[in-house]
Amino acid sequence: MTIQRPRGTRDFLPEETEKRGRAKKAMQDVLERWGYQEVATPTFEHLELFTIKSGASVVEEIYSFTDKGGRALALRPELTAPVMRMYVSELQNSPKPQRLWYFGNCFRYERPQRGRFREFWQMGCELIGGAKPDSEAEAIALADKMLKSVGVTGDIHVGYLGLIRTLLSKIEAEHRSSVMRMIDKKERGALAALLEDIGQSHLGILELIDLKGQSALDKAAEIVLDMEPSPVGETAPADAPAGAPASGRSSARQGRAVSSELRLEEFQETVDLLEAHGVNFTIDFEVVRGLEYYSGTVFEIYAEGLGAQRQICGGGTYELASLFGGKETSSTGFGLGFDRIMEIVQMEGSRTLPVFLAFTPDVKVQATKIARELRKSVPLVIDVMGRSLSAQLKAAASAGAKFVVIVGKDELDAGMLTMRDMSGGAQESLSLAEIEERLKKHFQDYDHA
RNA sequence: GCCGGGAUAGGGUAGUGGUUAUCCUGAGGGGCUGUGGAUCCCUCGAGCUGGGUUCGAAUCCCGGUCCCGGCCCCA
């Protein structure tokens, strides 16, 4: 009887591992081009780190355990908390902004289904200490570029929590979490009924979350004006006719002068900068990401072809440093669901197969020495199964090798080696140095192809 | 935590109470001890697991494990 894998875990065979490595590399290149530096944190942390961030309710989905010293530990369920913990304890006094990225496995005790595993990989970044709209635009544009680098096109939805939170503040505290949850769950009927019940239909929440794109932003501006105490008169409504696109931005900017907590103009700036970055996105106030520590712009990216788990990226601006005992520092970050991305990557495959060194059994020692020399410059494998020359060639051919270097008594006597091109069958007698030169060139060309 | 569908050699499969479990592919060896993916020969390799029914179970029944899809959740 064989031992099975634990539920929700996967083995990655060479082909799949190689593909994952290429995708990771492509996205890593983008991060590095944008000046982000890789960091790594422990696979397990104190359980408390995650309960502080996400509440006690997450414990049931965390792999947690008590170690031999009685410490409550947890396999990390995500990477933002560990990275921010690291920032607070070791990087607070380094220059801002800090641009950090990470890639690592995370663990959650959940029911596995398509695109959801108990061990999964997240790739993401945190831009710590920057100004909000600038950082937000950079983070979203970066996520967009990373996805494009592996041929994935996502639907980017950008929302703004400041507005929803302000609207919620008009609602009695006991109903706020219900409203938030209904927005998140897209429970329109229940939400309409609840707002009606508590006499808050006039706030425009329903209308707001139904609108997408520029019209949503126009509606937001309109709501902001309506909420104003209007100390200088009743001019606002005339200035902001509903549905007039051009008025949206100016209205939003007017909002700044009169509302200090809302800052819709900051969101407007994020939107403007995103356009400057050349990102295609949809304004969508339905994106709320339900979590307390998110403070400004939030965004999610969805992709087709993934079944029920369509979200491949989520992020936003948050305030976590102070939660972990540091100075208040606004950060923006996102996490990409690497496994889901792997299901839909569009990258051309290219595997570099090593050169095969085939030899007759009588010259094994000399062949080994030649292999040792050639390996200084090229990837090379040598038979370890005691096979005949014929069988070695057979193995090389079925493995798909492009070149085979043949060594036997004749070659050693002549001081030359035979190099066989497996695609055509042409053979040449060359010196070791010549072969080294040619193969080196072959692999260089291959890498650049 | 809930609902539904599954599990037969390394991979893909047939068989649905009754000899030695089908076929394809694969892997190892050989024909060919100095030259290939063809071909031929040989070999290896399987009914998830634990119970039950039965003279007899891969097949029927029950529990568990794992997989797939969906719900819930999703930091």
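The chains referred to below are lettered A, B, ... by the order of the sequence lines, with proteins before strands, and numbering in each begins at 1. In this text the structure is predicted, and so the values were computed from the model without any measurement.
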Asker: Say you pick atom P in G12(B) and the same atom in G51(B); how far apart are they, in whole Å?
Answerer: 28 Å
Asker: Would you mind classifying the nucleic acid contact of Met385(A) as base, sugar-phosphate or nothing, using non-hydrogen atoms under 4.0 angstrom?
Answerer: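 Sugar-phosphate: the residue Met385(A), judged by heavy atoms under 4.0 Å, touches backbone atoms but no base.
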Asker: What's the gap between G37(B) and A27(B) when it is taken at their P atoms, as a whole Å value?
Answerer: 12 Å
Asker: Quick one: is the NZ or CZ of Arg10(A) closer than 6.0 Å to the six-membered ring centre of Phe117(A), and within 45° of its axis?
Answerer: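 So Arg10(A) does make the cation-pi contact.
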Asker: Heavy atoms only, 4.0 Å cut-off, all strands: where does Glu411(A) land among base, sugar-phosphate and nothing?
Answerer: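 Here Glu411(A) touches the bases of the nucleic acid.
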Asker: Could you measure between the two C1' atoms, the one in A21(B) and the one in U8(B), and give it in whole Å?
Answerer: 9 Å
Asker: How close do Val58(A) and Ser54(A) get, heavy atom to heavy atom, and via which atoms?
Answerer: CG1-CB, 3.4 Å
Asker: Once you round it to whole Å, what is the distance between P of U33(B) and CG of Asp362(A)?
Answerer: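 From Asp362(A) CG to U33(B) P: 13 Å.
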Asker: Hey, which sits more toward the 5' end of RNA chain B by its nearest nucleotide, Leu412(A) or Thr9(A)?
Answerer: Leu412(A)
Asker: Could you check whether Ser398(A) gets within reach of a base, just the sugar-phosphate, or nothing at all, counting any heavy atom under 4.0 Å?
Answerer: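 Result for Ser398(A) = base.
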Asker: Could you tell me how far apart Gln392(A) (CD) and G29(B) (P) are, to the nearest whole angstrom?
Answerer: 11 Å
Asker: Take N1-N3 plus N6-O4 or O6-N4 for Watson-Crick, N1-O2 plus O6-N3 for G-U, both under 3.5 Å. Which runs of 3 or more such pairs involve RNA chain B?
Answerer: B:1-7 with B:65-71, B:10-12 with B:23-25, B:26-31 with B:39-44, B:48-52 with B:60-64
Asker: Atom CD of Glu16(A) to atom C1' of G11(B): distance rounded to whole Å?
Answerer: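 Distance check: Glu16(A) CD to G11(B) C1' gives 16 Å.
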Asker: Whole angstroms only, please: what is the CG-C1' distance between Leu393(A) and G37(B)?
Answerer: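 Distance check: Leu393(A) CG to G37(B) C1' gives 11 Å.
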Asker: What is the separation between atom NZ on Lys394(A) and atom P on G26(B), rounded to the nearest whole Å?
Answerer: 12 Å
Asker: Categorize Gly8(A) for me: base, sugar-phosphate, or nothing, with a 4.0 angstrom heavy-atom threshold over every strand shown.
Answerer: sugar-phosphate
Asker: In whole Å, measure the gap between the P atoms of C41(B) and C32(B) for me.
Answerer: 16 Å
Asker: Could you check, using the six-membered ring where one of them is a Trp, whether Phe12(A) and Trp121(A) have ring centers closer than 6.0 angstrom?
Answerer: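 Centroid distance Phe12(A)-Trp121(A): below 6.0 Å, so yes.
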Asker: Could you classify G28(B) for me, syn or anti, using a glycosidic angle within 90° of 0 as syn?
Answerer: anti
Asker: Consider only side-chain N and O atoms of Ser295(A) and Glu319(A), and report whether a donor and an acceptor are under 3.5 Å apart.
Answerer: no
Asker: Ile3(A) has an atom CD1; how far is it from atom C1' of C67(B), in whole Å?
Answerer: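 Whole-Å distance recorded here is 18 Å.
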Asker: Could you tell me how far G10(B) sits from C71(B) if I compare only their P atoms? Round to whole Å.
Answerer: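 Comparing P positions in C71(B) and G10(B) gives a spacing of 34 Å.
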Asker: Can you tell me the distance, in whole Å, between the CD atom of Glu119(A) and the P atom of C66(B)?
Answerer: 15 Å
Asker: Within 45 degrees of the ring normal and closer than 6.0 Å to the centroid, is that where the cationic atom of Arg20(A) sits relative to Phe338(A)?
Answerer: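 Ring-cation test returns no.
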Asker: Taking atom CD1 of Ile156(A) and atom CG of Leu274(A), what is their separation to the nearest 0.5 Å?
Answerer: 8.0 Å
Asker: What distance do Arg165(A) atom CZ and Lys170(A) atom NZ have between them, rounded to the nearest 0.5 Å?
Answerer: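 Going from CZ on Arg165(A) over to NZ on Lys170(A), the span is 16.0 Å.
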Asker: Rounding to the closest angstrom, what is the interatomic distance between C61(B) and A75(B) at atom P?
Answerer: 41 Å
Asker: For nucleotides 68-75 of chain B, read 5' to 3', which letter fits each nucleotide if B means a protein heavy atom sits under 4.0 Å from the base, S means only the sugar-phosphate is that close, and - means neither?
Answerer: BBBBBBBB
Asker: Using a strict cut-off of less than 4.0 Å between a Lys/Arg side-chain nitrogen and an Asp/Glu carboxylate oxygen, indicate whether Lys212(A) and Glu286(A) qualify as a salt bridge.
Answerer: yes
Asker: Between Asp410(A) and Arg5(A), just flag the one whose closest nucleotide in RNA chain B comes earlier from the 5' side.
Answerer: Asp410(A)
Asker: Within this structure, what is the CZ-to-C1' distance between Arg387(A) and C32(B), rounded to whole angstrom?
Answerer: 15 Å
Asker: Between the side chains of Lys376(A) and Glu436(A), is the shortest nitrogen-to-carboxylate-oxygen separation below 4.0 Å, so that they form an ion pair?
Answerer: no
Asker: Would you say Glu126(A) and Tyr318(A) are linked by a side-chain donor-acceptor pair, where the criterion is simply a distance under 3.5 Å?
Answerer: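 Yes, a side-chain donor-acceptor pair sits under 3.5 Å.
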Asker: Ion pair present between Asp29(A) and Arg33(A), side-chain N to carboxylate O less than 4.0 angstrom?
Answerer: no
Asker: Between C23(B) and G17(B), how far apart are the two C1' atoms, rounded to whole Å?
Answerer: 23 Å
Asker: How far does the P atom of U59(B) sit from the matching atom of G6(B), given to the nearest Å?
Answerer: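 Those two atoms are separated by 15 Å.
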